[in-house]
Number of protein chains: 2
Amino acid sequence: MQLDRFDLAILGILQQNNMMSQRDIGHAVNLSAAAVNRRIKALNTSGIIQANVAVINPASVNREITLFVEVEMVNERKEYIDEAKRRFTDLIAVQQCYYVTGEADFVLVIVVSSMIEYEQITRQLFFDNSNVKRFRTFVTMDRVKVGLSVSIPEASQAQLVSPPINRGSNG
Amino acid sequence: MQLDRFDLAILGILQQNNMMSQRDIGHAVNLSAAAVNRRIKALNTSGIIQANVAVINPASVNREITLFVEVEMVNERKEYIDEAKRRFTDLIAVQQCYYVTGEADFVLVIVVSSMIEYEQITRQLFFDNSNVKRFRTFVTMDRVKVGLSVSIPEASQAQLVSPPINRGSNG
DNA sequence: TCTTTATTGCAACAATATTTCACAAAGTCG
DNA sequence: CGACTTTGTGAAATATTGTTGCAATAAAGA
């Protein structure tokens, strides 16, 4: 699916607030609400929009501790890596998991309610896994910027001056 | 604001899919749509729900490269740290920024379209900043698990068997 | 027991999303 | 060059969803 500047502008809005009415979005990007509706539907079904979610304040559900963990594996053969991916992914406290190059093999973002809970997780994920060579933990003091937004190409300077072409009216 | 098991169940649904109709949510948690509506509104206004967003597939907008960067600072006095926070946050390519303890001071998640773009960012953020002592980059090969979901206490085992109490009707 | 407060479900209502339709632009084929 | 097809549009009609008022229920305190 090819995205034009209107799609990009719509994506830019939705990734900040997907509860804005389609009419308001249309007004913001110079399109009719119907056009916005069709485009959003296409963006959803094509998988360009992967999910629509509420972002919850972790503190409000007693998940105040965010940790970063770099994990280095012993054996980097595919089956071992896949096994590790599965293990990490399955744990609900693992909010994000990335397989990376460099001095570590995995980077994890873990969200827990207490260091006791984290200690149990380290045992389960790392100490009881003979393929984990080493791990390094960073404890977050400030979640300075958190989100999943990506920069939208040209979305900032897009003018969106003219509705694409016709005016489809007979009056 | 005190959250009961219904609020938690609703949060658990919304952080996976905030486009589900309030009727369906009500059906899932054993409440009326009106009750769900009131609770969601309260969750939004109280800030427990921090945002409602669409998650965009980065590849679809040509942002295929995700990087982790650990940054170590020279001077850790508050004003310098705050200045760094501002710098990092302001850059749109910096998707996430955490101030951490441990062998680094900051952990960044950066999303870009090319390594050339990243090279420019390193210059801007690190080389041209005399307070940056060192930084280490990890290039992501696989975004194994990505999201902002937090585990909701007891949401998994909550039964939600009985609608709270009344049936508020006069027949 | 009686009162107060909070919360519910239902039903009417308002707002929003979705579909339908006639038309315009651009491309394709003869 | 002209007829035809495809794609996409705006406006209007329809369907769905969110929102609010109200009486009733339950819990807590006097």
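Since this is a predicted model, take the numbers as computed values, not measurements. Below, chains carry the letters A, B, ... as their sequence lines are ordered, and counting in each starts from 1.
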Check: Quick one: side-chain hydrogen bond (donor to acceptor under 3.5 Å, both in side chains) partners of B:Arg143, sequence neighbours excluded?
Finding: none

Checklist line | Carboxylate-amine/guanidinium contact B:Asp90 B:Arg86, below 4.0 Å | finding: no

Notebook entry, point to check: Between A:Phe106 and A:Phe88, what is the ring plane arrangement, given parallel below 30°, perpendicular above 60°, and tilted in between?
Noted result: perpendicular

Got a list of protein N/O to nucleotides 19-21 of chain C N/O distances below 3.5 Å?
unit_1	atom_1	unit_2	atom_2	d
C:dT19	OP2	A:Lys41	NZ	2.2

Next item on the list: Test ring pair (Phe, Tyr, Trp, His ring centres under 6.0 Å) on A:Phe127 and A:Phe135 and set out the steps.
Entry: CA-CA 10 Å; A:Phe127 292 117; A:Phe135 69 98; 5.5 Å; yes

Notebook entry, point to check: Which residue pairs pass the side-chain hydrogen bond (donor to acceptor under 3.5 Å, both in side chains) test when at least one of the two sits in residues 104-115 of chain A, sequence neighbours left out?
Noted result: A:Ser113-A:Glu117

Next item on the list: Return the angle between end axes of the helix from C:dT1-D:dA30 to C:dG30-D:dC1, with five pairs used per end and rounding to 10°.
Entry: 30°

Under 3.5 Å, which protein N or O atoms sit close to an N or O of nucleotides 15-17 of chain D? Give each pair with its distance.
none

Rounded to whole Å, please give me the gap between [atom1] in [X] and [atom2] in [N].
| X | N | atom1 | atom2 | value |
| --- | --- | --- | --- | --- |
| A:Ile40 | D:dT9 | CD1 | P | 13 Å |
| A:Asn18 | C:dA17 | CG | C1' | 14 Å |
| B:Phe6 | D:dA26 | CZ | P | 14 Å |
| A:Asn44 | C:dA17 | CG | P | 13 Å |

Next item on the list: Any pair with a residue in residues 36-68 of chain B that passes ring-ring contact (aromatic ring centres under 6.0 Å, His included), sequence neighbours left out, goes on the list, sorted by first then second residue, please.
Entry: A:Tyr98-B:Phe68

